[in-house]
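All remarks here apply to the structure that follows.
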Amino acid sequence: MVEINHRERFLRAKILYYGPAAGGKTTTLQTIHRLARGERRQELVSVNTAQDRTILFDLLPLSTPAFRSYDLRFQIVAVPGQKFYGATRKMLLQNADSIVFVANSATDRWQENLQSMKEMTEYLLDHGIEPSTLPIVFQYNKRDLPDTTDMKIMERGLNARNAPSFSAVATEGKGVLETFGAALERTMNELATRYKIGEGLGDARSAKEWASRTLLEIFGTTLEDLAKSGKAPDPPSEPPPSKIFRVKAPKLSAVVRPLQAPTLDSSSSSASPPPHTPSEGALELDTESANAMVESYAEAASRLADHISELSEKTDVEAKRVKAFTVVADVAKKLFEATPDETPVLLEGLVDSLCTMLRCTQASLSVIRPDGNFEQVVGRGLRVDPLEGAKTPGGRPLAQAIVDGGQPMVQVRGEAGPLEDAMDRAGVECVAVVAFPMSTPVHALGLLSFYLPQEAPAPNKETIAHMERVVLELTMALEVISDAHASDALKQSLRSAFRGRVAEGATYSLDGPLGGIDQTLYRMRSHPDAPHWLAQEIQHVEGYAAHVKFMRQTLLDLRAGRLPSRIPTPIGELLSHLEQELGPGLTDQGIRFIVEIKPGVHPVFAEPFLLRGLVYTLIENSRRRLAGAGGGVIRILVQPDTNGVRISIFDNLIAVSNALSAPARFLDWPLERRLTDVTHELMQSVVEYFQGRWSQETREAVGTVRTIVLPTP
Ligand SMILES: Nc1nc2c(ncn2[C@@H]2O[C@H](COP(=O)(O)OP(=O)(O)OP(=O)(O)O)[C@@H](O)[C@H]2O)c(=O)[nH]1
Ligand SMILES: [Mg+2]
């Protein structure tokens, strides 16, 4: 049954596709999965036989827009229809919140529909569930077959409760979303009434509005559009579903064999052998052990479905969290290079990304001016942050009080608190506010607030804690920028103050959030039920996290005046990224860009971001020269060298080479210069830091050749 947490505004529900074997349940779930768009498209997990018959279940986890600010997670599950999986069906029914009954319209299958309905009713009664209390929707499938049972007869025979019903052709996608939309609406209606969801929300959206919004967000279509066009929407143009997992377990059917006589299903492909053929080495059991086995197997199936949903949700959440850090780290890096004019644009982009993550439409970022007043730098759907005009119960300006308090403030509509007034002024849509003070242990810099509509899940404790850290990262970056943009007279003192803060920052910003993510990922990976594909997924997220950590560490090292760590860095990968990034721009300027990597090149021992900056600068220098002359060729040749890897950059224009200025030691450079000013001198210093060699010469035939030799570990 539904899992609900009112305090955290969290709800998990299961919609079960039930019906006779080969009726089209799996096909229906595949269609839903195929038609879902972008980030809403989670993985479809099917546990099938080698002949593609369902043996455990099909599972499609689905996150929808929030309902009255409740975070919703659905498990869409299809039962195995074949007779001998009755125990599994029964187990899966136990915690279903609604049913989609997929009936087979083929005339010769009519009896099977009736049997399946009868079986379902008995199983529900066995569980003590009154069948009439469970929302149900009918999908009369396979309407395309030449010989189908009349719809009226199907209605009369199956749909005694006069529930919504749809004719469908799952293979063509017809009627699938209509049925699914009706199931979503009915499920939510029932749950909202039963669990009193959204009481206290004055203008709460109805389950019908929510369901139609959900269809629009997930499939890009509405029920009206579907009715008008009479066919399924086109699948999204993005690459096909990330993954469909099929766990082949042909031997299991042999295990249950002694229990019942095989039932051949003639509508399945006639070429496929009966699923019960015992395979080599399969167990033969007496009836009693087989019975026990079937039951524990059914229970395991149902538990496995829950675990897979939960694990896939968790990976999803963790991946999103790491992404938030990556976005902030990326903006922070760009902020260092940006002029003060560019700063608001970057911040706007960042606030947009954070809004997408929180699914909110209105947000505001304000900084505190030297005179103590707030100044809005980014406003999304808000001209002024309503919090800035609001007062605390004691009459102090609320925005200032939140910043001084140093704690995020959250309020959901219907709860008493000081943010109610701000919510009203943000607009009728707003049902929750979260405001984050932007302050470090040293400075109060401003306020970042988000105004959430009903479709956004009200943030739970974990989300708030996570966002708090993300905001802290951003705050630190902003603090550093304000240092960098400060006047010369102030620079020296600011810099020394800043170094102290960074040391502080390093402890609270690195150990906390990323460490937490590591632990969670580790726990998930070592979970006994974790399927093998999940480990791969986690590895991917871990790679991401490691990347962010390393990047942050490099920044911190540079700022603290330490040399960053070096690691084995694949130069080929780095060049192919640069090629993708720079190639089109170069072509436009009449420059051909050629990268050639000889066999036997190993990763070089370097700091990837500095190395990238180095190569980028060399290419950029060549580009400027060639663009001035109307075009040319830049060629990069990478080959093994006795001392490691030799990278040569040729450009085919003969230039008067400036003698390189005297080598400067990288660390003697002022901070700002190290972070932003990449020149020849810096390149030379960086190469030295990598313990490599650097040379430049101008040759008649080739033009300028710059060569770097970098060591391999
Ligand atoms: N003509 C036609 N064939 C369909 C339709 N829906 C599904 N099929 C086909 O019917 C066969 C069985 O479909 P499945 O989706 O595997 O059926 P199922 O209900 O999951 O079957 P079990 O897992 O055994 O319970 C497949 O060959 C499908 O391609 C339909 O609307 N029309
Ligand atoms: Mg199936």
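Start at 1 and go down the list; that is how both ligands and their atoms are numbered. Sequence positions, counted from 1, serve as the residue numbers for this chain.
Remark: ligand 1 and G23 share an N or O pair separated by less than 3.5 Å (distance only, no angle test). Backbone and side-chain nitrogen or oxygen atoms of A168 are examined, and none is located within less than 3.5 angstrom of a nitrogen or oxygen of ligand 1. Considering backbone and side-chain N/O atoms, A22 comes within less than 3.5 Å of an N/O atom of ligand 1. Taking only nitrogen or oxygen atoms, main chain and side chain alike, V169 does not reach within less than 3.5 Å of ligand 1. Residue K25 has at least one nitrogen or oxygen atom sitting less than 3.5 Å from a nitrogen or oxygen atom of ligand 1, judged on distance alone. For ligand 1, none of its N or O atoms has an N or O atom of R143 under 3.5 Å away.
With distances taken over non-hydrogen atoms, the option nearest atom 9 (C) of ligand 1 out of K142, K83, Q30 is K142. For atom 6 (N) of ligand 1, the nearest non-hydrogen atom from the set N141, V102, V79, V176 belongs to N141.
The aromatic rings of F180 and F219 stand perpendicular to each other, their planes meeting at an angle above 60°, with 30° marking the opposite boundary.
For ligand 1, the atoms closer than 4.0 angstrom to any heavy atom of T26 are 15 (O), 16 (O), 18 (P), 20 (O), 23 (O). Close approach of ligand 1 to P80 (heavy-atom distance below 4.0 Å) involves ligand atoms 25 (O). Listed by number with element, the atoms of ligand 1 under 4.0 angstrom from any heavy atom of L145 are 1 (N).
T31 is linked by a side chain to side chain donor-acceptor pair (under 3.5 Å) to nothing, counting only residues two or more places apart in sequence or in another chain.
Judged purely by distance below 3.5 Å, without hydrogens or angles, the side chains of N460 and T463 pair a donor atom with an acceptor atom.
Sequence neighbours left out, the pairs with a member in residues 159-186 that pass salt bridge (charged side-chain N to carboxylate O under 4.0 Å, His left out) are E172-K174.
Residue T27 does not count as close to the Mg ion (ligand 2), with no N, O or S atom under 2.8 Å.
Taking a cutoff of 4.0 Å between a charged side-chain nitrogen and a carboxylate oxygen, R213 and E209 do not qualify as a salt bridge. Electrostatic pairing of K83 and E119 does not count as a salt bridge here, judged by no charged N lying under 4.0 Å from a carboxylate O.
The shortest non-hydrogen separation linking P457 to L452 is O-CD2, 3.6 Å.
With hydrogens and angles ignored, the 3.5 Å screen pairs a side-chain donor or acceptor of K25 with a backbone N or O of G19.
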